[in-house]
Amino acid sequence: MAQNVTKQTETLVKPILDELQLELVDVVFEKEGQNWFLRVYIDKENGVDIEECGQVSEKLSEKLDETDPIEQAYFLEVSSPGVERPLKKEEDFQKYTGENVYVKVYEPIDGEKEFTGELVEFTDGTAKIAYKVKTKTKEVEIPFNKIAKAHLAVTF
């Protein structure tokens, strides 16, 4: 059900974002406690502001009211993905080459399931990440279809 809602929401929000020259980062439909939340994360080159989030929220809310794809009551939230922006598409990996990332894989690679380091390159559907183990830097190549979850990583 949640997957169906996210797909329908993506279809509804895409023309709105195209019109406003914004990018869809992610759509999440999840239950927290007693409440359901439909969260739409948007972005653009230098980040989005509260007015843009409000515009998208208003227009998307109208479309959701027209099509009524969600049976239960829910809260709609439209926001920026924040500093730990999720990396969902191959294009995201290409765009954020050179940045610090966190990647979790479905099956262990070199005995590990989680890697945090620099996204060195993304070519032919494979992410190359340089990460530290004690004082050594290692590199791992991770096929895109083996990535369970990934996002930008903030380092201090």
Side-chain angles (χ1 to χ4, degrees), residues 1-106 113-131 142-156:
M1 177 190 66
Q3 191 173 12
N4 195 22
V5 168
T6 58
K7 289 283 178 228
Q8 288 177 308
T9 303
E10 286 174 16
T11 303
L12 292 173
V13 78
K14 203 80 175 90
I16 296 166
L17 297 178
D18 289 347
E19 178 190 323
L20 298 171
Q21 298 180 325
L22 299 171
E23 172 194 356
L24 177 63
V25 176
D26 201 7
V27 175
V28 179
F29 185 58
E30 60 193 350
K31 190 172 186 179
E32 287 182 9
Q34 298 296 315
N35 299 315
W36 281 90
F37 291 87
L38 177 59
R39 294 186 170 110
V40 179
Y41 298 98
I42 60 173
D43 209 358
K44 68 177 183 189
E45 188 67 38
N46 294 313
V48 291
D49 60 31
I50 192 87
E51 285 83 23
E52 289 163 320
C53 291
Q55 279 182 298
V56 172
S57 179
E58 197 172 301
K59 291 179 181 205
L60 177 58
S61 185
E62 288 173 14
K63 292 286 183 197
L64 288 165
D65 287 347
E66 286 172 21
T67 60
D68 201 20
I70 304 170
E71 293 175 14
Q72 63 269 57
Y74 63 94
F75 294 96
L76 173 63
E77 295 178 354
V78 176
S79 68
S80 156
V83 292
E84 290 196 336
R85 173 197 169 112
L87 305 175
K88 298 288 228 178
K89 305 175 287 255
E90 290 191 25
E91 297 81 37
D92 294 337
F93 283 86
Q94 291 163 343
K95 182 177 179 180
Y96 290 100
T97 298
E99 299 289 335
N100 284 313
V101 296
Y102 163 84
V103 177
K104 184 175 183 176
V105 293
Y106 291 112
K113 285 186 81 173
E114 297 181 31
F115 301 91
T116 301
E118 181 187 346
L119 177 59
V120 177
E121 67 179 8
F122 186 86
T123 51
D124 299 324
T126 301
K128 184 187 287 185
I129 298 173
Y131 65 102
I142 305 171
F144 182 74
N145 64 355
K146 303 284 187 207
I147 296 173
K149 181 178 185 177
H151 59 76
L152 293 179
V154 177
T155 53
F156 298 97

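All values below come from the heavy atoms of this structure, side chains included, with hydrogens, waters and symmetry mates left out. Throughout, numbering of the chain's residues begins at 1 and tracks the sequence.
Inter-residue side-chain proximity for F93 and I147 is flagged as met; some heavy-atom pair is nearer than 4.5 Å. For the pair V5 and P69, the minimum side-chain heavy-atom distance is 4.5 Å or more.
Rounding to the nearest 0.5 Å gives a distance of 8.5 Å between CD of E118 and CD of E99. The distance from atom CD of E52 to atom CG of L17, rounded to the nearest 0.5 Å, is 10.5 Å. Separation of atoms CD1 (I129) and CG (N100) is listed at 10.0 Å; rounding is to 0.5 Å. For the atom pair NZ (K128) and CD1 (I142), the distance works out to 12.0 Å, reported to the nearest 0.5 Å. Here the CD atom belonging to E71 is positioned 10.5 Å from the CH2 atom belonging to W36, to the nearest 0.5 angstrom. Atom NZ of K113 is separated from atom NZ of K149 by 13.0 Å, given to the nearest 0.5 angstrom.
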### Message
Quick one, E84 with V154, criterion side chain to side chain contact (heavy atoms under 4.5 Å, CB included). Give me CA distance, side-chain angles, the key distance, then yes/no.
### Response
CA-CA 7 Å; E84 290 196 336; V154 177; 3.8 Å; yes
### Message
Using the rule given for side chain to side chain contact (heavy atoms under 4.5 Å, CB included), can you reason through T6 versus V28, listing the C-alpha separation, both sets of side-chain angles and the distance that settles it, and then say yes or no?
### Response
CA-CA 6 Å; T6 58; V28 179; 5.6 Å; no
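Evaluated for a side-chain contact (heavy atoms from CB on, under 4.5 Å) with V13, the options D18, L22, L24 yield exactly one hit, L24. Just one residue in the list E45, E90, E23 forms a salt bridge (charged side-chain N to carboxylate O under 4.0 Å, His left out) with K95, and that residue is E23. When L87, V83, D92, L119 are each tested for a side-chain contact (heavy atoms from CB on, under 4.5 Å) with L152, only one passes: L87.
Closest approach of T97 to E121, counting heavy atoms only: CG2-CA, 3.9 Å. Counting all heavy atoms, side chain and backbone alike, P86 lies closest to P81 at CD-CB, 3.9 Å.
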Please tabulate, one pair per line, all N/O donor-acceptor pairs under 3.5 Å involving side-chain atoms of residues 55-67, not counting sequence neighbours.
from : atom 1 : to  : atom 2 : distance (Å)
K59  : NZ     : E19 : OE2    : 3.0
T67  : OG1    : K63 : O      : 3.0

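Around the CG atom of D124, the shell of radius 6.0 Å holds no more than 12 heavy atoms that belong to other residues, nucleotides or ligands.
Note on residues 39-86: pairs passing ring pair (Phe, Tyr, Trp, His ring centres under 6.0 Å), not counting sequence neighbours, are F37-F75.
Between the side chain of K104 and the backbone N or O of F115 there is no donor-acceptor pair closer than 3.5 Å. With hydrogens and angles ignored, the 3.5 Å screen pairs no side-chain donor or acceptor of T126 with any backbone N or O of F122.
Partners of E32 by salt bridge (Lys or Arg N to Asp or Glu O under 4.0 Å), not counting sequence neighbours, listed by chain and number: R39.
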